[in-house]
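Shown next, in structure tokens, is the structure this report addresses.
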Amino acid sequence: MEQASAVAAIDNSAAVYYGEHGYVVQKQLIPTAAIDQLLSTYAEDIVPSKSRFYRQSTNRYEPNRLSPFGYVEQSFLDIHAYKRYPRFRSASLAIFFAEALHRALTNITGSAAHNLMQTMLFDANTQTPPHQDWWYLDSVPNGQLIAAWIALEDIEEDAGRFFVIPNSHRVVLHEQGMPHSKWLASVRQYFDDHRAQVHAPALKKGDVLFWNSRTIHGSLETIDPKYSLKSLTAHFLPSQLTFGNLFTQKPWVNYEEHGRHLYFPNQPEYSLRSSIVTKLKLVLYDHPQLLKLARRFQRGGVADY
């Protein structure tokens with residue numbers, strides 16, 4: 001496994017490196033004070049909460065489940081829309097809309113502004129399987145959505161680090177009408193066949209790894225569960241582009257404002273209705289014809305149903 005990587009400074013070299021390899025690392029973009037504020041409100045407001053949160057790692061609304069070491073084992077989706085937890089949400093938005101982060105986004109993509117489309121928080125490693133984002137969310141035209149993995153602590157190797165496969169943004173593994181499960185299996189096979197190229201950089205608190213919506217990525221297996229993987233992910237769309245994915249475009253997206261920035265609050269906080277709608281989406285996911293039909297009538301995010 002590669003352990004070394006060129007780390008481009010915030011100048012044109014970052015954009016060149018990103019375009020060539022499908023990812024780039026930027027050091028110390030996020031201020032320590034902003035991270036400490038987020039982790040403080042997370043420990044005080046979120047970890048002890050009895051609420052059900054949507055988990056992308058399980059695709060369900062579930063209460064927190066703690067590991068023997070006190071880490072929440074499931075991921076949290078769209079924390080930027082946690083309006084029931086205003087302190088935590090405010091601290092997360094301070095990071096997602098940090099000036100240095102958005103200067104780096106502009107430097108890499110050339111776009112003056114970027115809309116926040118999806119976020120996640122990880123406490124323990126959920127061992128995210130290898131995948132490409134564009135199946136789920138992307139720009140229209142495809143391939144211009146950019147994501148950021150933000151280290152909230154120094155990430156130990158034994159925690160199971162975030163990885164990318166450099167140059168995999170040129171790989172096409174889907175076919176027309178392919179079920180989701182078959183596509184995931186094809187990405188897993190690509191990962192297994194290219195293990196020598198897998199790159200899991202040693203990121204420190206405040207470092208950010210940017211990757212393209214087509215780049216294969218995920219997290220490696222945990223070696224020692226005593227280590228956490230405190231981190232954020234955020235997916236950004238150049239503001240002049242339409243949101244969508246490989247299969248559809250979503251010009252109807254309803255953005256909300258945070259200062260001069262826009263964000264999409266797609267996954268709602270728990271309610272019986274949101275739980276039912278989410279379960280229906282999961283049923284459709286592995287039935288391409290039914291999913292295609294449903295997309296013809298879709299006019300809103302999960303939160304709009």
Side-chain angles (χ1 to χ4, degrees), residues 5-19 22-42 45-46 76-83 85-122 133 137 139 144-155 162 164 201 203-213 215 230-241 243 253 255-266:
S5 171
V7 178
I10 302 179
D11 55 26
N12 187 56
S13 62
V16 172
Y17 191 90
Y18 175 86
Y23 81 99
V24 69
V25 173
Q26 304 276 252
K27 294 290 189 178
Q28 299 299 290
L29 279 189
I30 308 301
T32 296
I35 293 175
D36 291 344
Q37 179 63 27
L38 176 70
L39 293 179
S40 175
T41 58
Y42 172 71
D45 299 348
I46 303 300
F76 298 83
L77 180 65
D78 284 349
I79 65 171
H80 65 284
Y82 278 16
K83 294 183 178 180
Y85 295 90
R87 291 200 314 153
F88 175 68
R89 176 173 175 265
S90 177
S92 75
L93 289 171
I95 291 177
F96 296 134
F97 292 128
E99 288 297 323
L101 181 67
H102 281 259
R103 283 196 300 270
L105 287 168
T106 294
N107 178 65
I108 293 168
T109 71
S111 297
H114 297 80
N115 300 338
L116 180 63
M117 308 309 298
Q118 185 187 86
T119 61
M120 284 174 278
L121 181 146
F122 299 88
D133 287 334
L137 70 166
S139 60
Q144 297 183 59
L145 183 124
I146 182 172
W149 193 92
I150 302 167
L152 301 179
E153 62 183 349
D154 295 351
I155 306 298
F162 181 86
V164 294
L203 298 184
K204 301 293 186 181
K205 184 176 180 177
D207 293 348
V208 180
L209 186 154
F210 296 97
W211 77 93
N212 182 264
S213 58
T215 302
K230 287 185 170 59
S231 54
L232 300 171
T233 62
H235 297 73
F236 294 96
L237 177 74
S239 61
Q240 74 274 15
L241 299 179
F243 183 54
V253 162
Y255 290 108
E256 295 188 12
E257 296 181 358
H258 180 74
R260 60 185 177 84
H261 299 286
L262 298 178
Y263 66 88
F264 179 37
N266 181 45

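Below, each value reflects all heavy atoms present in this structure, side chains not excepted, and no hydrogens, waters or symmetry copies.
A 4.5 Å side-chain heavy-atom check between Thr106 and His114 finds at least one atom pair inside the cut-off. With a 4.5 Å cut-off on side-chain heavy atoms, Phe88 and Leu38 count as touching. Here the side chains of Arg260 and His102 are not in contact, with every heavy-atom distance at 4.5 Å or above. Between Leu29 and Phe210, some side-chain heavy-atom pair lies under the 4.5 Å cut-off. Within the 4.5 Å cutoff, the side chain of Leu152 has no heavy atoms near those of the Phe122 side chain.
Tested against Met117, the residues Phe236, Tyr263, Phe264 include a single side chain to side chain contact (heavy atoms under 4.5 Å, CB included) partner, Phe264. Of the candidates Thr119, Asp133, Asn115, Asp133 is the only one forming a side chain to side chain donor-acceptor pair (under 3.5 Å) with His235.
Using modelled atom types, one side-chain atom of Ser239 and one backbone atom of Ala113 make a donor-acceptor pair closer than 3.5 Å. Between the side chain of Ser139 and the backbone N or O of Leu237 there is no donor-acceptor pair closer than 3.5 Å. Side-chain atoms of Ser90 never come within 3.5 Å of backbone atoms of Pro86 as a donor-acceptor pair (strictly under, hydrogens ignored). A donor-acceptor pair under 3.5 Å is absent between the side-chain atoms of Ser111 and the main chain of Pro238, judged by distance alone. Checked by atom type and distance alone, the side chain of Gln37 never pairs as donor or acceptor with a backbone atom of Ser92 at under 3.5 Å. Side-chain atoms of Asn212 never come within 3.5 Å of backbone atoms of Ile146 as a donor-acceptor pair (strictly under, hydrogens ignored).
Atoms OG1 and CZ, from Thr41 and Arg87 in turn, are 6.0 Å apart once rounded to the nearest 0.5 Å. For the atom pair CD1 (Ile79) and CG (Leu232), the distance works out to 5.0 Å, reported to the nearest 0.5 Å. In this structure, the separation between CG on Leu203 and CD on Glu153 is 11.5 Å, given to the nearest 0.5 Å. To the nearest 0.5 Å, atom CG of residue Leu116 and atom CG of residue Leu93 are 7.5 Å apart. Distance OG/Ser231 to CE/Met120: 9.5 Å, rounded to 0.5 Å. Here CG of Asn107 is found 7.5 Å from OG of Ser13. Values are rounded to the nearest 0.5 Å.
When all heavy atoms of Phe96 and Leu101 are compared, the pair lying nearest together is O-CD2, 3.5 Å. Contact detail for Thr215 and Gly22: the closest heavy-atom pair is OG1-O, 2.8 Å.
His80 and His258 have their aromatic ring centers separated by at least 6.0 angstrom. Remark: aromatic rings of Phe162 and Trp211 are close, center separation under 6.0 Å.
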- request: Show your working on salt bridge (charged side-chain N to carboxylate O under 4.0 Å, His left out) between Asp154 and Lys205 and close with a plain yes or no.
  value: CA-CA 5 Å; Asp154 295 351; Lys205 184 176 180 177; over 6 Å; no
query: Gln26 and Asp207: side-chain hydrogen bond (donor to acceptor under 3.5 Å, both in side chains), yes or no, with the steps?
result: CA-CA 6 Å; Gln26 304 276 252; Asp207 293 348; over 6 Å; no
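Residues that satisfy the ring pair (Phe, Tyr, Trp, His ring centres under 6.0 Å) test with Tyr42, not counting sequence neighbours, are Phe76. Residues passing the side-chain hydrogen bond (donor to acceptor under 3.5 Å, both in side chains) test with Asp78, sequence neighbours excluded: none.
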